[in-house]
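Shown next, in structure tokens, is the structure this report addresses.
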Amino acid sequence: MFFIHPIYNQEFIIGSLQHILPITLGIFLGTAIIYFAKNRCQLKRQQQLFNGLGIFVSLSTVFYHLHLVSKGNYNVITDLPLFICSFISLFIFVFTYYRKYWIYEILLFWIIAGTTHGVITPDIPNAFPDLDFFRYWIVHLGLIIIILYATVVLKMRPTLKSVFKSFLALQLYMAILFRINALLGSNYSYLNEKPVSASILDYLGGWPSYIFVIEVLLIPYFLLIYFPFYISEKVKKKTT
């Protein structure tokens with residue numbers, strides 16, 4: 001109650017307790033899960049725990065959308081799970097169950113580049129204790145924990161080719177979203193307009209300038225994400 005009372009029915013503001021508290025809890029929970037799996041579990045249990053994380057995140061998205069449908073005000077223009085984090089969360093259980101490396105190659109960069117941005121500058125229209133508040137943080141923090149789990153516990157690692165695979169897969173997804181937005185008059189992934197809440201897009205110009213700026217920055221950004229893995233691999237080869 002000490003933690004909940006100051007954030008109950010308060011407007012969501014970046015940097016507020018509603019923003020900082022979920023991130024803090026996510027860091028502690030994610031660290032505990034990864035540490036426990038890496039140091040206390042055998043491979044089979046590690047895989048089961050990984051699969052459980054994926055199912056939990058996917059079900060949170062499914063449950064939220066079923067809840068919206070049950071209320072009778074589901075709007076395909078705004079409510080479809082087509083924002084990239086929602087889309088990933090809907091199918092993340094496929095990755096955690098099958099543990100396919102090519103999926104890891106794509107998701108690593110999407111999650112670190114996109115989902116992390118969603119954590120730093122969240123776009124949450126309904127604050128605590130609205131169901132969307134919980135869904136948002138479960139999805140975003142859950143995806144980050146899952147991709148770190150795959151990297152630290154299951155020892156998956158990207159290669160330089162992974163950077164370009166992930167980039168090309170993102171281009172395909174955005175091309176499909178452009179078409180969907182045109183058909184529905186929607187703004188999924190903010191391809192037609194910047195979000196109302198503060199975000200890094202505010203510094204990249206108006207539409208469509210910010211889209212072209214992001215396109216130019218994506219490969220360098222993905223390479224920056226890959227760089228620690230590259231250095232780690234070089235150091236490992238030297239020491240062996």
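Hydrogens, waters and symmetry mates are skipped; everything else that's a heavy atom, side chains included, is used.
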Problem - Cluster check I120, L141: I/L/V/M/F/W/Y, side chain < 4.5 angstrom - result: no
Exercise for the section: State, to 0.1 Å, how close A169 and I106 come at their nearest heavy-atom pair, and which atoms those are. Expected result: CB-CD1, 3.8 Å
Practice task
Would you check if the side chain of E105 reaches a backbone N or O of P158 as a donor-acceptor pair within less than 3.5 Å?
Solution key: no
Fill in the blank from the handout: In terms of heavy-atom contacts, V76 and L184 come closest through O-CD1, 3.7 Å
Problem - In one Ile/Leu/Val/Met/Phe/Trp/Tyr side-chain cluster, 4.5 Å: Y74, L183 - result: no
Practice task
Test S58 against T61 for side-chain hydrogen bond (donor to acceptor under 3.5 Å, both in side chains), laying out the working first.
Solution key: CA-CA 5 Å; S58 291; T61 300; over 6 Å; no
Completion exercise
Here the gap from I103 atom CD1 to K165 atom NZ, rounded to the nearest 0.5 Å, amounts to 12.0 Å
Handout entry: Which atom of H65 lies closest to which atom of L80, heavy atoms considered
Key = CE1-C, 4.0 Å
Practice task
With the side chain counted from C-beta on, respond yes when W137 and P122 share a heavy-atom pair under 4.5 Å apart, and no when they do not.
Solution key: yes
Exercise for the section: Please work out whether the ring planes of Y190 and F83 are parallel, tilted or perpendicular, with thresholds of 30° and 60°. Expected result: tilted
Practice task
Say whether, by atom type as modelled, one donor and one acceptor occur between the side chain of T96 and the main chain of F93 under 3.5 angstrom.
Solution key: yes
Handout entry: Donor-acceptor pair, side chain of T151 and main chain of I147, under 3.5 angstrom
Key = yes
Exercise for the section: Specify the closest pair of heavy atoms between V119 and H19, including all atoms of both residues, with the distance to one decimal. Expected result: O-NE2, 2.8 Å
Handout entry: Min side-chain heavy-atom separation L168-L172 under 4.5 Å
Key = no
Exercise for the section: Following the transitive rule for hydrophobic clusters with a side-chain heavy-atom cut-off under 4.5 Å over Ile, Leu, Val, Met, Phe, Trp and Tyr, establish whether Y35 and L25 coincide in one cluster. Expected result: no
Practice task
Check for a donor-acceptor pair, side chain of S60 on one end and backbone N or O of V57 on the other, with a separation under 3.5 Å.
Solution key: yes
Practice task
Please report the closest heavy-atom contact between Y210 and L191, naming both atoms and the distance.
Solution key: OH-C, 4.0 Å
Exercise for the section: Keeping the roles fixed (side chain from W110, backbone from S166), state whether a donor-acceptor pair exists under 3.5 Å. Expected result: yes
Handout entry: S89 versus S86, side-chain donor and acceptor atoms under 3.5 Å
Key = no
Handout entry: N192 side chain vs S186 backbone, donor-acceptor pair below 3.5 Å
Key = yes
Handout entry: Distance, nearest 0.5 Å, that separates CG of L218 from CZ of F222
Key = 5.0 Å
Handout entry: Heavy-atom side-chain proximity of S162 to Y104 below 4.5 angstrom
Key = no
Practice task
Determine, stepwise, if the pair R179 / I176 fulfils side-chain contact (heavy atoms from CB on, under 4.5 Å).
Solution key: CA-CA 5 Å; R179 182 58 178 166; I176 294 172; 5.8 Å; no
Fill in the blank from the handout: Heavy-atom nearest pair, M156 first then R99, reads CE-O, 3.4 Å
Fill in the blank from the handout: Distance col, row L143:CG vs L107:CG, nearest 0.5 angstrom, shows 8.0 Å
Practice task
Answer whether the closest heavy-atom distance between the side chains of R45 and R40 falls below 4.5 Å.
Solution key: no
Practice task
List the steps, then state whether ring-ring contact (aromatic ring centres under 6.0 Å, His included) holds for F50 with Y97.
Solution key: CA-CA 8 Å; F50 189 54; Y97 181 79; over 10 Å; no
Handout entry: Neighbour count above 12 (heavy atom, 6.0 Å) for Q171 CD
Key = yes
Handout entry: Proximity of F109 and Y226 rings by center, below 6.0 Å
Key = no
Problem - Within the 6.0 Å centroid threshold, strictly below: F91 and F87 - result: yes
Completion exercise
Taken to the nearest 0.5 Å, the spacing of H140 NE2 from I111 CD1 works out to 10.5 Å
Exercise for the section: Report yes or no: do L224 and L170 belong to one cluster of Ile/Leu/Val/Met/Phe/Trp/Tyr joined by side chain heavy-atom distances under 4.5 Å? Expected result: no
Exercise for the section: Report yes if some heavy atom in the side chain of V216 is under 4.5 Å from a heavy atom in the side chain of F212; otherwise report no. Expected result: no
Exercise for the section: Could you tell me whether a side-chain N or O of D79 sits under 3.5 Å from a main-chain N or O of N75, the two making a donor and an acceptor? Expected result: yes
Exercise for the section: Consider only side-chain heavy atoms of I, L, V, M, F, W and Y, link residues closer than 4.5 Å, and tell whether I20 and L29 are in one cluster. Expected result: no
Exercise for the section: Go through the steps for I138 and F133 under the test side-chain contact (heavy atoms from CB on, under 4.5 Å), then give the verdict. Expected result: CA-CA 9 Å; I138 289 172; F133 177 87; over 6 Å; no
Practice task
Check whether any side-chain heavy atom of I33 lies under 4.5 Å from a side-chain heavy atom of V153, and answer yes or no.
Solution key: no
Handout entry: Donor-acceptor side-chain pairing of Y173 and S189 below 3.5 angstrom
Key = no
Practice task
Examine R135 relative to Y64 and say whether NZ or CZ is less than 6.0 Å from the centre of the six-membered ring and inside a 45° cone about the ring axis.
Solution key: yes
Problem - Side-chain heavy atoms of V235 within contact of S232, under 4.5 Å - result: no
Exercise for the section: Kindly determine whether L49 and Y149 satisfy side-chain contact (heavy atoms from CB on, under 4.5 Å), including the steps that lead there. Expected result: CA-CA 10 Å; L49 181 56; Y149 189 108; 3.6 Å; yes
Practice task
For T31 and F28, indicate whether the former's side chain and the latter's backbone hold a donor-acceptor pair under 3.5 Å.
Solution key: no
Handout entry: Interatomic spacing from CD1 in I225 to CD1 in I112 - rounded to 0.5 Å
Key = 5.5 Å
Problem - Centroid-centroid distance, F134 to F63, less than 6.0 Å - result: no
Exercise for the section: Determine whether K71 and H67 make a side-chain contact, defined as any pair of heavy atoms from C-beta on separated by less than 4.5 Å. Expected result: yes
Handout entry: Spacing of F56 atom CZ and I146 atom CD1 [to the nearest 0.5 Å]
Key = 10.0 Å
